[in-house]
Amino acid sequence: ACSAFSQKSCEECLKNVSCLWCYTNNTCIDYPVRSILPPSSLCSLSNARWGVCWINFEALIIAMAVVAGLILVSVTVCCCYCCYCRKRSRSRLDEEEEQLARKREERRLQSLQRKHERKLKHDEIRKKYGLLQDSDNPYSRFENE
């Protein structure tokens with residue numbers, strides 16, 4: 001029982017985790033597990049010690065709340081940042097893919113244009129030397145003079 005450690009020391013009382021030390025009357029009492037926080041009629045939070053003697057219960061609750069809040073905020077920020085980056089990288093990949101498709105199409109059109117220009121140039125050369133067959137009669141006989 002925790003009451004056996006009353007009027008002794010805080011360290012001896014808090015060796016048992018189910019005990020609460022109250023500095024107002026130097027008593028060791030059972031921690032009220034039915035309520036999360038010990039009621040002020042039992043011991044004020046600024047004078048209650050649980051777990052360690054060097055920090056009061058009020059400061060312990062505040063510190064735990066701050067740590068829990070920081071963890072929650074950091075997890076939320078990380079999740080939002082990851083979702084934003086993933087969405088941004090997807091849109092960036094889509095943009096790059098569209099840009100590559102446009103460039104590929106431009107190169108294909110340029111290639112067709114160069115092919116057409118080469119054909120015209122070759123036809124002019126054939127026409128100049130009389131090697132171009134008449135398009136009206138493609139089966140005409142080639143005569144050597």
Side-chain angles (χ1 to χ4, degrees), residues 1-139 142:
C2 294
S3 58
F5 296 107
S6 291
Q7 303 300 330
K8 289 189 178 178
S9 69
C10 176
E11 289 80 18
E12 288 181 33
C13 174
L14 295 183
K15 284 180 183 175
N16 187 354
V17 291
S18 64
C19 295
L20 178 74
W21 180 261
C22 187
Y23 266 114
T24 52
N25 50 8
N26 288 335
T27 57
C28 187
I29 51 178
D30 289 322
Y31 189 88
V33 290
R34 293 181 190 264
S35 61
I36 297 172
L37 299 175
S40 59
S41 62
L42 196 62
C43 187
S44 67
L45 290 179
S46 59
N47 291 323
R49 304 292 190 266
W50 181 73
V52 289
C53 293
W54 52 271
I55 188 167
N56 65 34
F57 204 79
E58 190 175 33
L60 184 67
I61 292 172
I62 292 170
M64 287 172 41
V66 167
V67 168
L70 287 174
I71 290 172
L72 267 169
V73 167
S74 63
V75 167
T76 304
V77 167
C78 286
C79 288
C80 291
Y81 180 74
C82 289
C83 291
Y84 174 74
C85 285
R86 192 176 299 149
K87 182 179 177 182
R88 188 173 172 194
S89 67
R90 283 182 187 162
S91 64
R92 189 179 299 152
L93 288 175
D94 291 343
E95 289 174 9
E96 288 178 7
E97 195 173 308
E98 289 175 14
Q99 189 177 18
L100 288 173
R102 272 188 261 118
K103 285 183 179 180
R104 193 179 310 121
E105 184 64 23
E106 286 174 10
R107 285 193 300 262
R108 189 182 71 78
L109 290 175
Q110 288 173 352
S111 171
L112 287 174
Q113 184 180 3
R114 286 192 305 267
K115 185 176 181 182
H116 181 68
E117 288 173 0
R118 275 194 313 272
K119 185 180 182 307
L120 289 177
K121 194 173 187 180
H122 289 155
D123 285 348
E124 284 179 21
I125 293 172
R126 286 186 186 109
K127 191 175 188 181
K128 179 179 177 181
Y129 291 105
L131 299 174
L132 185 66
Q133 292 182 348
D134 189 13
S135 62
D136 294 339
N137 188 6
Y139 297 107
F142 182 73

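Bear in mind the structure is a predicted one, so any value in this text is a computation, not a measurement.
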What is the distance from atom CZ of Arg102 to atom CG of Leu100, rounded to the nearest 0.5 Å? 9.5 Å

According to the interplanar angle, ranging from 0 to 90°, do the rings of Trp50 and Phe57 count as parallel (below 30°), tilted (30 to 60°) or perpendicular (above 60°)? perpendicular

With rounding to the nearest 0.5 Å, note down the distance linking CD1 in Ile61 to CG in Leu37. 4.5 Å

So, Cys13 with Cys2, SGs under 2.5 angstrom? no

Quick check: are there more than 12 heavy atoms from other residues, nucleotides or ligands sitting under 6.0 Å from CD of Glu105? yes

Checking the side chain of Ser111 only, and the main-chain atoms of Arg107 only, is there a donor and an acceptor separated by less than 3.5 Å? no

Answer yes when Glu117 and Arg114 have at least one side-chain N-carboxylate O distance shorter than 4.0 Å, and no when they do not. no

Distance col, row Tyr23:OH vs Ser44:OG, nearest 0.5 angstrom, shows 13.0 Å

Under the side chain to side chain contact (heavy atoms under 4.5 Å, CB included) rule, collect the residues that match up with Ile29, sequence neighbours excluded. Leu20, Thr27, Leu42

Does some side-chain heavy atom of Ser40 sit less than 4.5 Å from a side-chain heavy atom of Leu45? no

Nearest heavy-atom pair of Arg49 and Cys10: which atoms, and what distance? CB-SG, 4.2 Å

Using only the SG atoms, establish whether Cys28 and Cys19 come within less than 2.5 Å of one another. no

Between Ser46 and Glu58, which heavy-atom pair has the shortest distance, and what is it? CB-OE1, 3.6 Å

So if I apply the side chain to side chain contact (heavy atoms under 4.5 Å, CB included) rule between Trp21 and each of Leu14, Val52, Asn47, which one comes out positive? Leu14

Inspect the contact between Asp123 and Lys119 and indicate whether a charged nitrogen and a carboxylate oxygen are less than 4.0 angstrom apart. yes

To the nearest 0.5 Å, tell me how far Phe5 CZ sits from Asn26 CG. 15.0 Å

